[in-house]
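For reference, the structure discussed in these notes is given below.
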Amino acid sequence: MAFCHLVTNWEHIIAGDKEEYAKTYLYLFDRFFNYGFKFTRDAGLVEDAIQEVLEKLWTDRKKLKRVANPAAYLFTSFRNELLRKIKSPPALHLDDTQPAPVVFGHDAVLIGHEQDDQLRQRLQQAVDQLSPRQKEAIFLRFYEGLSYEEVAGILGITHKATYKLMARALSELRSKMGLPLASILMLLQHHATLPTSF
């Protein structure tokens with residue numbers, strides 16, 4: 001399942017289709033767990049927040065008919081619930097001195113040669129050196145494949161601020177890796193096709 005199919009599933013869930021809800025639950029659980037682990041290493045806390053958001057999706061399904069963008073709505077709901085449980089802003093949990101890695105899978109950059117493996121490691125190291133906000137934006141945009149508008153909604157910033165945040169992040173990656181911007185974008189875009197679990 002991809003987020004583009006979530007709109008269709010959303011309609012089925014609202015109509016009370018338990019099978020579609022179960023599929024969506026499993027799909028989002030993996031995505032949310034990976035995302036939530038960037039804020040805190042407390043797996044139990046992350047799981048609690050996921051359970052609450054996904055259970056509420058089912059119990060409140062009839063009230064959700066007017067949600068225009070299900071992916072952004074669900075990510076925002078999960079993020080808000082997790083931060084409420086943590087009771088402090090994400091910057092306190094994504095410590096710049098020991099950055100929480102944005103986990104890209106081992107085969108994210110089509111590893112077949114030693115050079116590819118080194119390039120993947122360099123990208124991982126460069127991403128890990130970004131600010132917490134930049135890492136989150138990169139994760140949502142390139143790993144989750146969300147639009148700039150959706151990323152803006154989740155982060156609670158303007159569309160313009162999202163572009164600026166992303167531009168700074170990409171500029172830093174280019175500087176750290178010594179590669180052209182087109183190469184950085186191509187490397188990051190490979191992550192959009194990763195499976196939901198590693």
Side-chain angles (χ1 to χ4, degrees), residues 2-4 6 28 30-41 69-76 78-80 82-83 89-198:
F3 275 125
C4 59
L6 191 53
L28 290 174
D30 285 343
R31 294 273 177 164
F32 287 168
F33 191 86
N34 192 20
Y35 181 46
F37 218 55
K38 310 303 177 284
F39 294 105
T40 176
R41 296 301 185 197
N69 191 323
Y73 171 81
L74 289 167
F75 259 87
T76 302
F78 169 67
R79 184 180 194 270
N80 291 343
L82 181 61
L83 293 181
L92 296 178
H93 299 275
L94 287 173
D95 185 358
D96 283 329
T97 59
Q98 291 188 341
V102 175
V103 180
F104 296 131
H106 182 68
D107 52 350
V109 186
L110 305 178
I111 298 166
H113 304 289
E114 189 174 316
Q115 185 178 10
D116 293 330
D117 190 39
Q118 290 172 355
L119 195 58
R120 180 190 61 79
Q121 289 175 8
R122 283 177 58 206
L123 177 63
Q124 184 71 58
Q125 289 168 356
V127 168
D128 288 346
Q129 292 174 43
L130 296 175
S131 74
R133 200 78 157 160
Q134 288 171 333
K135 284 189 281 189
E136 188 176 2
I138 289 284
F139 179 86
L140 291 170
R141 176 72 183 103
F142 292 102
Y143 180 80
E144 292 298 344
L146 299 177
S147 69
Y148 280 96
E149 187 176 345
E150 290 168 327
V151 173
I154 292 166
L155 297 181
I157 59 178
T158 66
H159 200 245
K160 186 176 179 181
T162 305
Y163 275 112
K164 285 184 180 177
L165 180 67
M166 195 68 69
R168 281 192 216 107
L170 292 172
S171 177
E172 286 189 37
L173 290 176
R174 183 178 59 182
S175 174
K176 290 176 192 309
M177 295 191 71
L179 293 172
L181 182 58
S183 299
I184 298 292
L185 288 169
M186 188 175 71
L187 284 168
L188 287 169
Q189 285 166 354
H190 277 291
H191 301 300
T193 59
L194 284 176
T196 58
S197 58
F198 305 109

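Quick caveat, the model's predicted, so the values are computed rather than measured.
Taking the six-membered ring for Trp and thresholds of 30 and 60 degrees, Phe139 and Tyr143 have nearly parallel ring planes, at less than 30 degrees apart. Taking the six-membered ring where the residue is Trp, Phe32 and Phe75 present perpendicular rings, their angle passing 60° and hence far from 30°. Relative ring orientation between Phe37 and Phe33 is described as parallel, the plane-to-plane angle staying below 30° on a 0-90° scale split at 30° and 60°.
Put simply, NZ on Lys135 and CG on Asp128 are 6.0 Å apart, with the number rounded to the nearest 0.5 Å. Note that the CG atom of Leu170 and the OG atom of Ser175 stand 12.5 Å from one another [nearest 0.5 Å]. Atoms CD and CD, from Gln129 and Gln124 in turn, are 11.0 Å apart once rounded to the nearest 0.5 Å. Rounding to the nearest 0.5 Å gives a distance of 9.5 Å between OH of Tyr148 and CG of Leu165. Distance check, rounded to the nearest 0.5 Å: CG of Leu173 to CE of Met166 gives 10.0 Å. Taking CG from Leu130 and CD1 from Ile138, the interatomic distance works out to 6.5 Å, rounded to the nearest 0.5 Å.
Ala71 approaches Leu146 most closely through the heavy-atom pair CB-CD2, 4.1 Å. Heavy-atom minimum distance, Leu155 versus Arg133: O-NH2, 2.8 Å. Across Ala126 and Lys176, no two heavy atoms sit closer than the pair O-CD, 3.9 Å. Residues Glu136 and Arg79 come closest through the heavy atom pair OE2-NE, 2.7 Å.
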* Can you list the steps and then say if Phe142 with Val127 is a side-chain contact (heavy atoms from CB on, under 4.5 Å)? -> CA-CA 12 Å; Phe142 292 102; Val127 168; over 6 Å; no
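The closest side-chain heavy-atom distance from Ile157 to Val151 is not below 4.5 Å.
Open room surrounds CZ on Arg168; 12 or fewer heavy atoms of other groups in view lie less than 6.0 Å from it.
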